[in-house]
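Data first, discussion second: the structure below is written as structure tokens.
In what follows, chains carry the letters A, B, and so on, assigned in the order in which the sequence lines appear, proteins first and then strands, with residues in each chain numbered from 1. Everything quoted here is computed from the prediction, not taken from an experiment.
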Number of protein chains: 2
Amino acid sequence: MDNQDIRKAGLKVTHPRIKILELLENSSQRHVSAEDVYKMLLDNGEEIGLATVYRVLTQFETAGLVTRHNFEGGHAVFELDRGGHHDHMVCVVCGKVEEFIDPTIEKRQREIAKSHGFEMVDHSLIIYGHCSNPKCSVG
Amino acid sequence: MDNQDIRKAGLKVTHPRIKILELLENSSQRHVSAEDVYKMLLDNGEEIGLATVYRVLTQFETAGLVTRHNFEGGHAVFELDRGGHHDHMVCVVCGKVEEFIDPTIEKRQREIAKSHGFEMVDHSLIIYGHCSNPKCSVG
DNA sequence: AATGATGATGAGAATCTTTTTCATTACAAG
DNA sequence: CTTGTAATGAAAAAGATTCTCATCATCATT
Ligand SMILES: [Mn+2]
Ligand SMILES: [Mn+2]
Ligand SMILES: [Zn+2]
Ligand SMILES: [Zn+2]
């Protein structure tokens with residue numbers, strides 16, 4: 001994941017794009033909002049406009065470098081496309097995100113789509129729950 | 001699904017609530033946005049404020065009368081809770097929504113949540129694709 | 001390395017969805 | 001019917017994202 005990926009996407013290799021890609025690679029949080037990216041860049045002394053962050057993230061998504069998720073909360077979160085597809089589990093208390101992939105579910109989805117005459121292009125599976133942290137448990 | 005359901009939710013039986021519930025029952029579209037509801041009510045000659053529509057839909061959701069979905073598109077859609085849980089398939093071209101339920105997937109989700117130490121409280125599964133309408137097919 | 005066409009950026013305005021505020025109105029219990 | 005309290009509508013506010021446009025940076029070409 002380097003500047004060549006930006007170039008291959010038909011985009012100029014600019015300072016904001018380089019820094020945003022670096023941040024997505026090095027951030028301790030895999031799943032970040034545009035606002036998160038903006039603020040983390042500021043913390044790093046990079047004064048990149050919020051509009052640019054939104055623009056670049058959308059371009060990276062189109063280029064297949066980044067995936068956008070619509071978790072609950074009214075704002076999108078983004079993550080760098082490492083390896084392959086996976087689904088998500090989100091703690092409704094602390095917001096912790098776990099990733100998983102289940103071949104059985106993936107297979108059934110394709111079958112179900114087909115049986116309804118749909119050509120599946122994407123899917124979104126999010127499990128909401130209480131994570132194992134005692135502070136997040138129900139009782 | 002009648003006024004008693006509103007009362008049982010601890011809410012006063014008001015004109016806006018009655019009309020919104022009626023509309024959700026009788027609308028030809030099962031999945032509607034707040035804006036949709038607002039406009040359809042206007043078409044019926046009911047001048048109910050948009051803020052009230054949002055408030056009531058949220059209250060109905062809390063009361064378990066209505067379910068909210070975060071499909072792509074930046075706005076939530078709501079549907080009356082008839083019968084039980086189901087998942088969704090959305091055509092990325094025409095927006096058509098199909099519903100389905102798959103016991104295998106439901107079961108695997110519970111197992112996966114448990115294996116990650118999560119207490120599942122909800123989940124969202126949306127398949128995006130091209131529906132069988134020729135206008136929506138890839139070619 | 002200098003040039004120049006074109007794409008990219010930043011700031012702020014604009015847009016879109018949803019929530020909040022607050023004065024007024026309507027429900028429902030007595 | 002009276003009356004306390006919840007509900008409503010209008011408008012403002014808030015939050016997320018996109019757009020506009022003047023300025024700037026990148027990069028293919030000289
Ligand atoms: Mn992920
Ligand atoms: Mn449905
Ligand atoms: Zn948690
Ligand atoms: Zn379609």
Can I get a per-line list of side-chain donor-acceptor pairs under 3.5 Å for residues 111-121 of chain B, giving both atom names and the distance, sequence neighbours left out?
unit_1: B:Glu111; atom_1: OE1; unit_2: B:Arg108; atom_2: NH1; d: 2.4
unit_1: B:Glu111; atom_1: OE2; unit_2: B:Lys107; atom_2: NZ; d: 3.3
unit_1: B:Ser115; atom_1: OG; unit_2: B:Ile112; atom_2: O; d: 2.9
unit_1: B:His116; atom_1: ND1; unit_2: A:Glu98; atom_2: OE1; d: 3.0

Only pairs under 3.5 Å count here: list side-chain donor-acceptor contacts from residues 40-55 of chain A, not counting sequence neighbours, and write none if there are none.
unit_1: A:Glu46; atom_1: OE1; unit_2: A:His15; atom_2: NE2; d: 2.6
unit_1: A:Thr52; atom_1: OG1; unit_2: A:Arg55; atom_2: NH2; d: 3.2

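Test A:His88, A:His85, A:His86 against A:His123 for ring pair (Phe, Tyr, Trp, His ring centres under 6.0 Å) and you get one pass: A:His85.
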Fill in the dot-bracket string of DNA chain C, one character per base: . for unpaired, | for a pair to another strand, ( ) or [ ] for pairs within the strand, taking Watson-Crick or G-U pairs under 3.5 Å. ||||||||||||||||||||||||||||||
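B:Leu80 and B:Ile20 fall within the same hydrophobic cluster, where Ile, Leu, Val, Met, Phe, Trp and Tyr residues are linked whenever their side-chain heavy atoms come under 4.5 Å apart, directly or through other members. B:Val56 and B:Val37 fall within the same hydrophobic cluster, defined by Ile, Leu, Val, Met, Phe, Trp and Tyr side-chain heavy atoms under 4.5 Å apart, directly or through other members. Residues B:Val92 and B:Met89 are members of separate hydrophobic clusters, defined by side-chain heavy-atom contacts under 4.5 angstrom among Ile, Leu, Val, Met, Phe, Trp and Tyr. Residues A:Ile126 and B:Ile101 do not share a hydrophobic cluster, defined by chaining ILVMFWY side chains whose heavy atoms lie under 4.5 Å apart. Both B:Val13 and B:Phe60 are assigned to one and the same hydrophobic cluster, defined by single-linkage of ILVMFWY side chains at heavy-atom distances under 4.5 Å.
DNA chain C lies under 4.0 Å from at least one heavy atom of each of the following residues of residues 34-50 of chain B: B:Leu50. For the segment residues 53-62 of chain B, residues with any heavy atom less than 4.0 angstrom from an atom of DNA chain C are, sorted by number, B:Tyr54, B:Arg55.
Every pair passing side-chain hydrogen bond (donor to acceptor under 3.5 Å, both in side chains) that includes a residue from residues 59-74 of chain A is listed here, sequence neighbours excluded: A:Arg17-A:Gln59, A:Thr58-A:Arg68, A:Glu61-A:Arg68, A:Thr67-A:Asp81, A:His69-A:Glu79. Sorted by first then second residue, the side-chain hydrogen bond (donor to acceptor under 3.5 Å, both in side chains) pairs that include residues 127-137 of chain A, not counting sequence neighbours, number zero.
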Quick one: what's the B/S/- string for nucleotides 25-30 of chain C, heavy-atom cutoff under 4.0 Å, read 5' to 3'? --BS--
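Evaluation of the ring pair (Phe, Tyr, Trp, His ring centres under 6.0 Å) rule for A:His75 yields no partner, not counting sequence neighbours. With sequence neighbours left out, the side-chain contact (heavy atoms from CB on, under 4.5 Å) criterion links A:Glu22 to A:Ile18, A:Lys19, A:Asn26. By the salt bridge (Lys or Arg N to Asp or Glu O under 4.0 Å) test, A:Arg30 pairs with A:Glu99, sequence neighbours left out.
Ring-plane geometry between A:Phe71 and A:His31 is classed as tilted, the angle between the planes lying from 30 to 60 degrees on a 0 to 90 degree scale.
Nucleotide C:dG10 holds its P atom 13 Å from the NZ atom of A:Lys19, rounded to whole Å.
The nucleotide range of DNA chain D contacted by chain A, defined by atoms under 4.0 angstrom from heavy atoms of the protein and reported 5' to 3', is D:dA16 to D:dC27.
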Apply side-chain contact (heavy atoms from CB on, under 4.5 Å) to the pair B:Ser124 and A:Leu125, showing each step before the final yes or no. CA-CA 6 Å; B:Ser124 160; A:Leu125 168 57; over 6 Å; no
